[in-house]
Trainee: 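Got a structure for you, questions after.
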Number of protein chains: 2
Amino acid sequence: MNASAPRAATIVDVARVAGVSRQTVTRALHDMPGINAGTRERVLAAARELNYHPSRFGRGLVKPAGRTLGLLVGDLTNPYYGELASTVLRLAGERGWNVVMAEPGSLSDLAGATDAVVGFTGSSIEVPRAGAPNLPVVEIDPPHDHPGHGRVEFERAQASRDAVSHLLARGVRRPVVLDLLGPEGCSRRGRAFVEAFRDAGVEPAVADRASSWADLAGDRPGAGPDAVVAFNDLEGFRVLRDLRTAGLRVPQDVRVVGVDGLALGEFVAPRLSTLTIDLTEVARAALDLVVELSGPRSGEAVRVVPHRFVARDST
Amino acid sequence: MNASAPRAATIVDVARVAGVSRQTVTRALHDMPGINAGTRERVLAAARELNYHPSRFGRGLVKPAGRTLGLLVGDLTNPYYGELASTVLRLAGERGWNVVMAEPGSLSDLAGATDAVVGFTGSSIEVPRAGAPNLPVVEIDPPHDHPGHGRVEFERAQASRDAVSHLLARGVRRPVVLDLLGPEGCSRRGRAFVEAFRDAGVEPAVADRASSWADLAGDRPGAGPDAVVAFNDLEGFRVLRDLRTAGLRVPQDVRVVGVDGLALGEFVAPRLSTLTIDLTEVARAALDLVVELSGPRSGEAVRVVPHRFVARDST
DNA sequence: CTGAAAGCGCTTACAG
DNA sequence: CTGAAAGCGCTTACAG
């Protein structure tokens, strides 16, 4: 924008400095056969001198380029998102796609930089589609349906019922479900558990996801929860730690269930029981939907992937 | 490549179908003022009908575009890399850069898709710089110096000494350092610990990073290690779990130190002592080096970021 | 409100 | 071994 900013060197600048034509520059830069070694050196020297950076756009316009996928993920600090991102990177790599990643806060112009967007953030995503009305957008486990967006839905009912049966069979009577308590009430994961408990004839308490054990236990000893359904595995680890600090035994005194199925759940003691989902299947479904939506518009593009209850040591 | 594959629609196709000129298509697509509402609708309908996807390259060539950074990270399943990636995404977003991510195995043509590459993989990275001789490459904590690459080095000596003093002051006499035992011997992190122990007059055992507690303890009870330096925090969690399973108390019977400073270390019991590093500082240094290397070539581009020992409950 | 022209930076045939 | 020409798909002034 600065009028005095020097224009970046282009291939013609290099050609001029090296005293050759531009296609000779191309030849030198790409190590193509049929070029005099001395000429090549001269060109490369000129490129270095001018600090020449070829334009991706100029090249992309003329060479068949791979597709670029935009991947919008929630906090990568949570290994859950890391596992999905890792899988998407692998699958996209196999197809020769590049992946532009962004976290929701980021301002990056995804629509302008990509050929399709996959979003997995825990909330609805809104992609500013400047000039790209047909940009395929796929949401993973979105809280709401968005017409025109493809989506990968998570099926939680069966796994939640399995977890609840497991808990009740072990004598649980005073479960608490930790959840994100927004203006709309429980999250879908929370609702699935609450409904599963109710269907089994037990009314669970519901508390904020970040509640401390002291909050949950109340003041009368012995009346606290005998099971905690954490909002996710990370919070489950926290609950496990707090229970240990409080001198309570898991699973004998309190049983704990997480959600996400982090591999890390195997690395803590007691190993955390959890609701898991096959993220490879999720990623594959999302990429398939991208391909489907890239073609001529069809109807609803939806895939459903089920959760599964994994009983480990904490229940 | 398939001769029968239909050529993707371009802006001229849309213009033809809508019966307008191409700049009218541009106007309609970008919601620009000064266009008849009916015309706009007609254009958008044609775009939909043809499943028109604007070319990023055509546009990029003519509009000033943000830079695109390539970020090569080791396994995103490890929250350590996730934390770095998250920070880079945030800092890059603030500067208006897009970020193309890839894991080392991926075949993606980073050089062709980006304006600079940052690598943080635990091993040396080799970027195929097809036609991009001046592509800035910055390596984070690389095992070897690479001439021409910028690098962010981790300083471990002081933090390792601090950790060792801490352990020895608590009576540790038979420490074991778990490490990646490659053909070149210890890793740098392992060496830093081994040297710190030696300087303090204690010769540590060295074992493979994945060793089980049974491997380490040997057959004579009481002769096993009284401290374990894990390869990273994730392995530290595993050691913690194994010790618990073996009925040993941490830190009373065995003290455990991790490396990485995962936030997660606070979420386990006992909370894991570790060597931590400020990943925001690391990311910022890497991006600064990218900028520095994007300009006219200067000398060595190196930044050093120190580790710090954090004593939590496991020591 | 709409269109004809120029040009962004590169590579790919095609000549010499 | 090297160069002149065409063209990729788009946007930006400039005319009408």
Side-chain angles (χ1 to χ4, degrees), chain A residues 1 7-43 46-47 50-68 109 111-113 115 130-135, chain B residues 1 7-43 46-47 50-68 109 111-113 115 130-135:
Chain A
M1 299 304 133
R7 189 180 50 80
T10 75
I11 196 171
V12 273
D13 298 319
V14 177
R16 185 168 29 74
V17 168
V20 299
S21 70
R22 29 206 266 208
Q23 48 277 42
T24 296
V25 174
T26 294
R27 279 189 275 261
L29 254 26
H30 291 291
D31 263 334
M32 301 172 102
I35 178 177
N36 183 300
T39 311
R40 191 205 334 270
E41 282 317 309
R42 205 145 34 89
V43 170
L50 293 174
N51 190 31
Y52 168 65
H53 294 261
S55 155
R56 287 176 285 120
F57 304 114
R59 169 165 342 169
L61 210 47
V62 83
K63 293 202 68 154
R67 302 180 57 159
T68 295
D109 171 27
D115 303 309
N134 296 318
L135 186 82
Chain B
M1 298 304 129
R7 190 180 50 82
T10 74
I11 195 170
V12 274
D13 298 318
V14 177
R16 185 168 29 73
V17 168
V20 298
S21 68
R22 30 208 266 212
Q23 47 278 42
T24 294
V25 174
T26 296
R27 279 189 275 259
L29 254 26
H30 291 291
D31 261 333
M32 302 172 103
I35 177 175
N36 185 298
T39 311
R40 184 194 353 259
E41 283 317 309
R42 203 144 35 89
V43 171
L50 293 174
N51 191 29
Y52 169 66
H53 295 262
S55 155
R56 287 176 286 120
F57 303 115
R59 171 167 339 173
L61 210 47
V62 82
K63 292 201 70 154
R67 300 179 57 158
T68 294
D109 171 27
D115 303 309
N134 295 318
L135 186 82

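Note that these values count all heavy atoms, side chains included, but never hydrogens, waters or copies made by symmetry. Every chain is numbered from 1 and lettered A, B, ... according to where its sequence line falls, protein lines coming before strand lines.
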Trainee: Grab the CG-P distance between B/L61 and D/dT12 for me, whole Å please.
Mentor: 13 Å
Trainee: Side chain of A/T10 only, heavy atoms from C-beta on: which candidate in C/dG9, D/dG9, C/dT12 is closest?
Mentor: C/dG9
Trainee: Side chains of A/F57 and B/V62, heavy atoms from C-beta outward: is any pair under 4.5 Å?
Mentor: no
Trainee: Could you tell me the separation between the NE2 atom of B/H53 and the C1' atom of D/dG9, rounded to a whole number of Å?
Mentor: 15 Å
Trainee: Taking all atoms of both residues into account, what is the closest heavy-atom pair of B/R56 and A/G112, and its distance?
Mentor: CG-O, 3.2 Å
Trainee: Nearest whole angstrom, please: distance from the C1' of C/dT11 to the CZ of B/F57.
Mentor: 14 Å
Trainee: Below 4.5 Å, heavy atoms only, C-beta onward: do A/L61 and B/S55 meet side chain to side chain?
Mentor: yes
Trainee: Distance check needed: C/dC8 P versus B/I11 CD1, whole Å only.
Mentor: 18 Å
Trainee: Which nucleotides of nucleotides 1-6 of chain D have their base under 4.0 Å from a protein heavy atom (B), which only their sugar-phosphate (S), and which neither (-), written as one string 5' to 3'?
Mentor: SBBB-B
Trainee: Rounded to the nearest angstrom, tell me the gap between atom NZ in A/K63 and atom C1' in D/dC8.
Mentor: 13 Å
Trainee: What's the CG-P distance between A/D115 and D/dG9, to the nearest Å?
Mentor: 14 Å
Trainee: Just how far, in rounded Å, is P of D/dT11 from CZ of B/R56?
Mentor: 14 Å
Trainee: Which distance, rounded to the nearest 0.5 Å, do you find between the CG of A/L29 and the CD1 of A/I35?
Mentor: 9.5 Å
Trainee: Flag the pair A/I11 / A/P54 as yes when at least one side-chain heavy-atom distance between them is below 4.5 Å, and no otherwise.
Mentor: no
Trainee: Could you identify the nucleotide paired to D/dA13, looking across every strand shown and requiring Watson-Crick or G-U wobble geometry with both distances under 3.5 Å?
Mentor: none
Trainee: What's the CZ-C1' distance between B/R59 and C/dG7, to the nearest Å?
Mentor: 17 Å
Trainee: Could you check whether any side-chain N or O of A/N134 sits under 3.5 Å from a backbone N or O of B/H53, counting only pairs where one atom can act as donor and the other as acceptor?
Mentor: no
Trainee: Pick base, sugar-phosphate or nothing for A/T26, based on heavy-atom distances below 4.0 Å to the nucleic acid.
Mentor: base
Trainee: Okay, side chain of B/R27, backbone of B/M32: is any donor-acceptor separation there less than 3.5 Å?
Mentor: no
